[in-house]
Amino acid sequence: MIGCGSPYLFGTYSKLLKAKFDYNQTQLNTLGFAKDLGSNLGVFAGLFAEVAPPWMLFLVGISSNFFSYFMIWLSVSNYVSKPQLWLMFVYIYITSNSQNFPNTAVMVTSVGNFPDQRGIILGLLKGFVGLGGAILTQINLAIYGNQNSMDLLLLLSWLPSIVCSLCFLPIRTIKARKHPQELKVFYHLLYVSIAIAVFLLFLTITQRNIVFSQAGYASGVAVIVVLICLPLLIAIKEELFLFKLDKQTMNPSVLVSIPHEQLEEISLPSVSNVCKKPQRGEDFSILQALLSKDMTLIFIATVSACGSSVAAIDNLGQIAESLEYPNHSISILVSWISIFNFFGRVFSGFISETLMTKYKLPRPFMFGLTQVFTCTGLLSIAFPYINSVYVASLIIGFGLGAQTPLIFAIISDLFGLKHYSTLLNCGQLAVPLGSYIMNVEVIGRFYDAEATKIGNVKNGKGLTCTGTHCFSESFMILAAVTLFGAMASFVLAYRTRDFYKGNVYKKCRDDIGVTQSNVELYSVDDRNNEHKKITDDRSK
């Protein structure tokens, strides 16, 4: 999932593309739309996941990731002739679309393995995607020792491909004993991931004030690698514990029975079946879900809020340049977006799960709150002040990060898990539509109009605009559109309030077949007593 975070680095190398190929802002934002379209047009990956095992999705993602980034690197390095705008559009589309294949494989498999902890699972997994941009930036600095975007493009071609090649074989749907303290283990994983994010934040703040040598960058990456390995050690420890339990009690009723639905044939429902929609939380067909009012509201909220946030992130490099921030601030801004995107994802995953299960608060209501919060970051750019872009990067990164797992969790809550691989990717389709409208038709056109008024053409940088007016009007529009998306989320929360007052996970827990007597085999209050109980039972 860290390897899937490369699309967040578009803001780092987009200035190189603009300078190298003399793009104006509208053309550059068109390429930003290509990135957003590729990231969110995951329907093909979802449909493929319905009929293919996870390892095949990884192979597709690995090959397409390497090809696309390597071709962009060849283009900016003058090893091949300057590509037409449409061809660069295709390359950038493939760079981000390739991430959907491993991303879908990991998320669908993990939600299937832990269906009654899906909010937490999605928060953790998507959180590491958010950290990916910051981690890849540090690795680039450690290997190449500079902030050259050409080197970064080369790194993005080979490193994520190698990471996926090493990790993809163990990722599969499995039958496993349900851990008696599953939630506690997830919290341990959360604590480690927060430690990684805090260290990255400390590292980027330090690098903002102190010039690092390449050895200094390498030392920081070494610590990051050690921290990344800690979740693996936690998993190994818990697997050994479950292995001991399996030897002590071979009760087949304790096993989780998870159907492997990837090999099921995809069947399109008849018109009559589409009209007879199941209850919320049951398994919808693909068409039943897509044609529902609930999905329409999800689509409206996602187009408006997520589209505006993604467009803002894509333009942070140009925003910082227009406000005359130093050049090294661009990589810091991208890293901060990545880090706080992580905080938003894990926060919404864990907190939404707690508020929903304990206090019956509808997940769409929390979705709306994150969108209202994001508005404040957009307004910080519309009405800039000292260091406002840094503040905006934190707020927008956190807000967008919080929205991402909530979208996926809401879809799984309302429409079931049978066609989840396809529906989660259909839900993402709203993001590129929103980002295209906001990126190209709003931000790009307003920027070029302001730049044309002052006629500022810098050598090798194309048409540029300097001053607070460059993005002010466009970001006021983005803030208003995001607020409209929040209203759609609140309407969905009102419609689903009765559903969330019930037992959302009842069907999943019935399918898992874990009875209370199974859980009572173990001590829930004291984790240390579990190992002692095994020894006592053996003695008896």
Side-chain angles (χ1 to χ4, degrees), residues 1-17 19-20 35 61-79 91-92 95-96 98-99 102 128-168 195-197 199-230 232 317 326-339 341-342:
M1 297 303 275
I2 291 173
C4 292
S6 60
Y8 287 96
L9 296 175
F10 176 79
T12 301
Y13 65 82
S14 61
K15 288 181 63 178
L16 171 65
L17 299 180
K20 190 73 177 178
K35 185 265 297 181
I62 289 168
S63 56
S64 55
N65 177 84
F66 177 80
F67 166 78
S68 54
Y69 275 115
F70 192 66
M71 290 305 299
I72 296 175
W73 177 77
L74 290 176
S75 300
V76 298
S77 302
N78 297 322
Y79 288 110
Y91 288 156
I92 291 179
T95 61
S96 52
S98 62
Q99 314 306 324
F128 278 105
V129 175
L131 283 180
I135 293 175
L136 291 171
T137 297
Q138 293 300 321
I139 293 174
N140 177 63
L141 293 171
I143 294 177
Y144 297 107
N146 55 58
Q147 298 188 16
N148 190 331
S149 296
M150 289 188 188
D151 294 333
L152 176 64
L153 287 167
L154 182 61
L155 177 85
L156 296 179
S157 68
W158 62 265
L159 182 59
S161 301
I162 290 177
V163 170
C164 286
S165 300
L166 295 174
C167 298
F168 74 92
I196 297 172
F199 178 74
L200 282 167
L201 184 61
F202 165 77
L203 207 57
T204 54
I205 292 174
T206 305
Q207 290 166 1
R208 181 171 177 259
N209 300 298
I210 300 174
V211 177
F212 273 46
S213 64
Q214 187 171 359
Y217 288 125
S219 300
V221 169
V223 176
I224 293 171
V225 171
V226 171
L227 292 173
I228 290 174
C229 291
L230 291 181
L232 181 62
N327 288 332
H328 72 274
S329 66
I330 307 299
S331 61
I332 294 173
L333 287 170
V334 171
S335 295
W336 283 18
I337 287 173
S338 180
I339 293 167
N341 190 282
F342 160 80

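Sequence positions, counted from 1, serve as the residue numbers for this chain.
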Original post:
If every non-hydrogen atom of G61 is compared with every non-hydrogen atom of P102, which pair is closest and at what distance?
Top reply: CA-CD, 4.1 Å
Original post:
Does the side chain to side chain contact (heavy atoms under 4.5 Å, CB included) test come out yes or no for L200 and Q138, once each step is laid out?
Top reply: CA-CA 9 Å; L200 282 167; Q138 293 300 321; 4.1 Å; yes
Original post:
Below 4.5 Å, heavy atoms only, C-beta onward: do N78 and K20 meet side chain to side chain?
Top reply: yes
Original post:
Roughly how far, to the nearest 0.5 Å, is OG of S6 from CG of L159?
Top reply: 10.0 Å
Subject >> pair I205-W336: side-chain heavy atoms closer than 4.5 Å >> reply: yes
Subject >> Side chain proximity check, I196 to L230, heavy atoms < 4.5 angstrom >> reply: no
Original post:
Would I228 and I135 count as a side chain to side chain contact (heavy atoms under 4.5 Å, CB included) if you check the C-alpha gap in whole Å, the side-chain angles of each, and the deciding distance to 0.1 Å?
Top reply: CA-CA 10 Å; I228 290 174; I135 293 175; 4.1 Å; yes
Original post:
Taking atom OG of S338 and atom CG of L201, what is their separation to the nearest 0.5 Å?
Top reply: 11.0 Å
**OP:** Decide yes or no for L153 and L16: does some side-chain heavy atom of the first lie under 4.5 Å from some side-chain heavy atom of the second?
**Re:** yes
Original post:
Quick one: CD1 on I332 to CG on N209, what's the gap to the nearest 0.5 Å?
Top reply: 8.0 Å
Original post:
Do side-chain atoms of N65 reach the backbone of L156 as a donor and acceptor pair under 3.5 angstrom?
Top reply: yes
Subject >> Donor-acceptor pair, side chain of S96 and main chain of K35, under 3.5 angstrom >> reply: yes
Original post:
Just how far is it from atom CG of L17 to atom CD1 of I92, taken to the nearest 0.5 Å?
Top reply: 5.5 Å
Subject >> T206 and L203: CA distance, side-chain angles, deciding distance, side chain to side chain contact (heavy atoms under 4.5 Å, CB included) verdict >> reply: CA-CA 5 Å; T206 305; L203 207 57; 5.6 Å; no
Original post:
For the atom pair SG (C164) and CD1 (I2), what is the distance rounded to the nearest 0.5 Å?
Top reply: 11.0 Å
Subject >> Any donor-acceptor N/O pair, S149 side chain to L152 backbone, under 3.5 Å >> reply: no
Subject >> side chain to side chain donor-acceptor pair (under 3.5 Å) partners for Y13, two or more places apart >> reply: none
Original post:
Any side-chain heavy-atom pair from N140 and L136 closer than 4.5 angstrom?
Top reply: no
Original post:
Are F212 and S219 side-chain neighbours, meaning at least one heavy-atom pair lies under 4.5 Å?
Top reply: no
Original post:
Under 3.5 Å, side chain of Q214 to main-chain N/O of I143, donor-acceptor pair present?
Top reply: yes
**OP:** Using the ring pair (Phe, Tyr, Trp, His ring centres under 6.0 Å) rule, pick out the option among F67, Y79, F66 that qualifies with W73.
**Re:** Y79
**OP:** Go through the steps for I339 and F342 under the test side chain to side chain contact (heavy atoms under 4.5 Å, CB included), then give the verdict.
**Re:** CA-CA 5 Å; I339 293 167; F342 160 80; 5.6 Å; no
**OP:** Please check if the side chain of S157 supplies one atom and the backbone of L154 the other of a donor-acceptor pair under 3.5 Å.
**Re:** yes
Original post:
Nearest 0.5 Å, what's the CE-OH distance between M150 and Y144?
Top reply: 13.0 Å
Subject >> Contacts of S64 that satisfy side chain to side chain donor-acceptor pair (under 3.5 Å) - sequence neighbours left out >> reply: none
